[in-house]
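A short worksheet on the structure shown next.
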Amino acid sequence: MSESITVTLPDGSTKTAPQGSRPMDVAKSIGPRLADDAVVARVNGQLYDLTRPFEGDAKLEILTSKNPEALEVYRHSTAHLLAAAVLELFPETQLGIGPPTDTGFYYDFQRETPFTPEDLEKIEKRMWELQAQDLTFERKLTKKSEGLEKYAGDWMKNELIREKADEVFSEYTLGPKFVDFCRGPHVPATSRIKAFKLLSVAGAYWKGDEKNPKLQRIYGTAFFSKKDMEAHLQRLEEAKKRDHRKLGQELDLFSIQELAGPGLIFFHPKGGMVRKIIEDWMRDEYLARGYSLVYTPHVMRRELWKTSGHANFYSENMFTPMDLDDAEYQLKPMNCPGHILIYADKPHSYRDLPVRLGELGTVYRYERSGVMHGLLRVRGFTQDDAHIFCTPDQIEDEIVNCLQFATDVLSTFGFDAYEAELSTWDGGASGKYDGSADQWQLAENALHRASERLNIKVKAMPDEAAFYGPKIDMKLVDAIGRLWQLSTIQFDFTLPRRFNLEYIADDGKKHQPLMVHRALYGSIERFFGILLEHYAGAFPVWLAPIQAIVLPITDRQTEFAHKVKDRLTAEGLRVTVDDRKEKVNLKIRDAQLQKIPYMLVVGDREAESGSVSVRNRKHGDQGAQKVDEFLAGIRKLIETKARNE
């Protein structure tokens, strides 16, 4: 056996190292700064601990804090640090899983006594004490049979080993009490973990299944620097202020009623007004862009869902079928089969195409109680769904129109930044995708060319397509930098075949049309929640449920206040009067809390001169204006859909 190995670096250069060398040794030979910055290694394409010996000649890349994968490893190591601290403080606890997340980490624990906020403080303090001890993350290999025997009394670990472990698997130890079945890798030692904080504790089911035992999940966050962590914590605080559930209650926009059930939204009058504006804008755009408006039933025979494939492939997200006198019926989880039935109801020529069918259709999907979240994840919601049936020659222009429509939605509602992702197939290697190679090439090329025509940069997402076709997803960036999945433009090779859709082409023969699913808001409920958080409840004037409120100073001005309100209402504005027998400063404060864009204060002077004293929720006092002058100004803001008044 050779006493040395050859390590190939990313630039193609090589280094000779003794047998038993580790990535950290190579990093040190390159330079002390790289060794200090190193977090984890990539060896022959696989992530390695810096302290794990090479098994032979290897390609090596040292990953530092600049690499996203390094941050995942860092956070995973912090999760282990959390578990080690918990076991030292509460040795009766059993461990679940502890993965990294996009913003931190969590760990699931089984413990009879609930963790308290005071417990979290103790745990975090102990984590810092362990961090200061510079404990090493030690990897050791264990035979599966030995592991099952060793953890016979630990049902979660035993179950994971049975299901996921190879015949020889890796474990990691940290300190005297912590050892866990884990593939790793980890940072070399706890001293490398510089910034972390525990955030909260919540309930969680083992493997996310509510039929399994309930555990306690401790959430935390971790960053390479304290500065980055503080910035993240500030964003979290801002997100709490903007939480749509909190704002929805404070502004009386919507509610979820316990008697009716979770995940079902009740829009109150003010929320209903905002929703109407959102829906009316979309329907008007449908008609202006050549779509036909359709409406389909909320419940249909289960046989339809068998034909579409949903009964087999989507059944876990569908509500239990209903037995009626003639057949089983199913609440619809999707609008597409209904639109397909409308298309198939009569024969089509190529001259009829494209056919664009649009609907704001309410669908129902079963979500477990633990995953529902305000307006963002619900059981009943309305999609701005459209389906386009067209010829291959038309498809690129149709995709361009869909993408333009999507960006128009973003700009109209005040979102300047977005990211686009193009999800493609694997070239047929896995056999998991429907459709022919020609169909996939046609569809993916159309998506690529359409995005290029509009100068939209798309991030390629190989092997991320739906099984029935490629797609483009648009993710908006909100006011505090969060990404939200919004619009989707999705090809479908499956449903046209399942429903035998046809059109007569110019060659006189029957052909299968191309079909595109297209949703721009995604769902009205979710889009409403995103808007609410983006604007922190202070909707721009054109969207505000109440655009102005008239505030009489005393009872003497009440009659004039109502005349002002009637004048503005007659011009289409949404205006109310606060004629309570309260001081005007209190009325102003209440209007500010309700985030009403304009407060029109009227006293004796205003009543005599036919004017109003205008106060803006953001800029304060704007002086006296004639009613018609105020009307002209606010009308311009509404017509231009201005974001700032």
Side-chain angles (χ1 to χ4, degrees), residues 238-257 260-286 298 335 358-365 367 371-386 405-416 418 473-480 482-488 518-547 574 594-597 638 641 643:
E238 183 62 28
K240 286 181 183 178
K241 296 175 187 176
R242 292 170 180 262
D243 189 318
H244 72 280
R245 297 166 298 179
K246 172 176 171 286
L247 291 170
Q249 183 177 21
E250 292 173 355
L251 302 178
D252 193 23
L253 298 172
F254 68 91
S255 63
I256 299 170
Q257 300 290 333
L264 303 170
I265 308 302
F266 289 76
F267 281 90
H268 297 196
K270 289 198 291 183
M273 177 56 70
V274 178
R275 176 169 174 159
K276 175 186 182 299
I277 297 164
I278 294 171
E279 292 186 352
D280 287 352
W281 183 88
M282 182 59 74
R283 288 194 179 96
D284 289 344
E285 290 295 316
Y286 276 170
H298 290 222
N335 294 305
E359 174 181 17
L360 271 68
T362 301
V363 298
Y364 304 89
R365 299 179 188 174
E367 297 281 5
V371 301
M372 286 179 289
H373 182 75
L375 295 172
L376 304 182
R377 194 155 181 180
V378 295
R379 286 177 172 168
F381 57 94
T382 301
Q383 288 187 304
D384 65 307
D385 236 349
F405 200 168
T407 56
D408 289 346
V409 168
L410 291 169
S411 61
T412 298
F413 287 91
F415 301 105
D416 296 316
Y418 63 87
D473 289 325
M474 307 283 280
K475 297 182 176 180
L476 65 84
V477 181
D478 74 3
I480 57 174
R482 296 174 299 181
L483 277 175
W484 299 87
Q485 169 65 51
L486 192 67
S487 306
T488 296
R518 191 243 60 203
L520 303 182
Y521 291 147
S523 85
I524 299 297
E525 286 76 6
R526 188 166 179 274
F527 187 66
F528 190 110
I530 293 169
L531 276 176
L532 190 52
E533 295 199 2
H534 178 63
Y535 288 111
F539 292 111
V541 176
W542 75 279
L543 275 174
I546 299 173
Q547 295 167 320
R574 299 183 289 278
Q594 288 299 303
K595 302 184 187 294
I596 298 171
I638 294 168
K641 294 181 171 55
R643 303 175 193 180

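Along the sequence shown, residues are numbered consecutively beginning with 1.
Residues satisfying the salt bridge (Lys or Arg N to Asp or Glu O under 4.0 Å) criterion with Glu367, sequence neighbours excluded, are Arg377. Under the rule for a side chain to side chain donor-acceptor pair (under 3.5 Å), Thr412 has no partner lying at least two apart in sequence or in another chain. Residues passing the salt bridge (Lys or Arg N to Asp or Glu O under 4.0 Å) test with Lys475 are Glu421, sequence neighbours excluded. Applying the salt bridge (Lys or Arg N to Asp or Glu O under 4.0 Å) test to Asp243 and every residue at least two apart in sequence or in another chain returns Arg245. Qualifying side chain to side chain donor-acceptor pair (under 3.5 Å) partners for Asp416, counting only residues two or more places apart in sequence or in other chains: Arg643. Under the side chain to side chain donor-acceptor pair (under 3.5 Å) criterion, Lys595 pairs with no residue at all, not counting sequence neighbours. Under the side-chain contact (heavy atoms from CB on, under 4.5 Å) criterion, Ala536 pairs with Arg242, not counting sequence neighbours. Under the side chain to side chain donor-acceptor pair (under 3.5 Å) criterion, Lys246 pairs with Glu250, sequence neighbours left out. With sequence neighbours excluded, no residue satisfies salt bridge (Lys or Arg N to Asp or Glu O under 4.0 Å) with Asp385. The side-chain contact (heavy atoms from CB on, under 4.5 Å) search around Thr362 returns His298, Tyr364, Thr382, not counting sequence neighbours. With sequence neighbours left out, the side-chain contact (heavy atoms from CB on, under 4.5 Å) criterion links Arg365 to Tyr314, Pro333, Met334, Val363, Phe381, Gln383.
Side-chain atoms of Tyr521 come within 3.5 Å of backbone atoms of Ile278 as a donor-acceptor pair (strictly under, hydrogens ignored). A donor-acceptor pair is defined here as one N or O able to donate and one able to accept, closer than 3.5 Å; no such pair exists between the side chain of Arg275 and the backbone of Phe528.
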Stepwise side-chain contact (heavy atoms from CB on, under 4.5 Å) test for Glu279 and Met282 = CA-CA 5 Å; Glu279 292 186 352; Met282 182 59 74; 5.8 Å; no

Begin with the C-alpha distance, continue with both residues' side-chain angles, and end with the deciding distance and a verdict on side-chain contact (heavy atoms from CB on, under 4.5 Å) for Arg526 and His373.
-> CA-CA 10 Å; Arg526 188 166 179 274; His373 182 75; over 6 Å; no

Worked verdict on Ile546 versus Lys270 for side-chain contact (heavy atoms from CB on, under 4.5 Å) | CA-CA 8 Å; Ile546 299 173; Lys270 289 198 291 183; 3.9 Å; yes

Step by step, work out the side-chain contact (heavy atoms from CB on, under 4.5 Å) result for Trp484 and Phe415.
-> CA-CA 11 Å; Trp484 299 87; Phe415 301 105; over 6 Å; no

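Ring geometry for Phe413 versus Trp542: interplanar angle of 30 to 60°, hence tilted. Between Trp281 and Phe405, the two ring planes are tilted [angle within 30° to 60°].
Side-chain atoms of Arg482 and Val477, non-hydrogen and from C-beta on, never get closer than 4.5 Å to each other. In this structure the side chain of Leu375 never reaches within 4.5 angstrom of the side chain of Phe527, judged on heavy atoms. The closest side-chain heavy-atom distance from Ile256 to Ile265 is below 4.5 Å. Inter-residue side-chain proximity for Phe539 and Leu253 is flagged as met; some heavy-atom pair is nearer than 4.5 Å. Side-chain contact between Leu376 and His244 is present, with heavy atoms from C-beta onward closer than 4.5 Å. Counting heavy atoms from C-beta outward, His268 and Ser255 have side chains that approach closer than 4.5 Å. In this structure the side chain of Phe254 reaches within 4.5 angstrom of the side chain of Leu532, judged on heavy atoms.
Residues Leu520 and Ser487 come closest through the heavy atom pair O-OG, 2.9 Å. When all heavy atoms of Pro597 and Val541 are compared, the pair lying nearest together is CB-CG2, 3.9 Å. Taking every heavy atom of both residues into account, Ser411 and Asp408 meet most closely at OG-O, 3.2 Å. Summarising the geometry of Arg574 relative to Leu543, their closest heavy-atom pair is NH2-C, 3.9 Å, with the distance given to 0.1 Å.
Atom CD of Gln249 has 12 or fewer heavy atoms from other residues, nucleotides or ligands within 6.0 Å.
Of the inter-residue distances, the one linking Leu360 atom CG with Ile524 atom CD1 reads 4.5 Å to the nearest 0.5 angstrom. Here the straight-line distance linking atom CG of Asp478 with atom CG of Leu486 works out to 11.5 Å at 0.5 Å rounding. Atoms CZ and CD, from Arg283 and Glu359 in turn, are 9.0 Å apart once rounded to the nearest 0.5 Å.
Ion pairing between Arg518 and Asp384 holds under the 4.0 Å rule for side-chain N and carboxylate O.
Note on residues 534-546: no pairs pass salt bridge (charged side-chain N to carboxylate O under 4.0 Å, His left out), not counting sequence neighbours.
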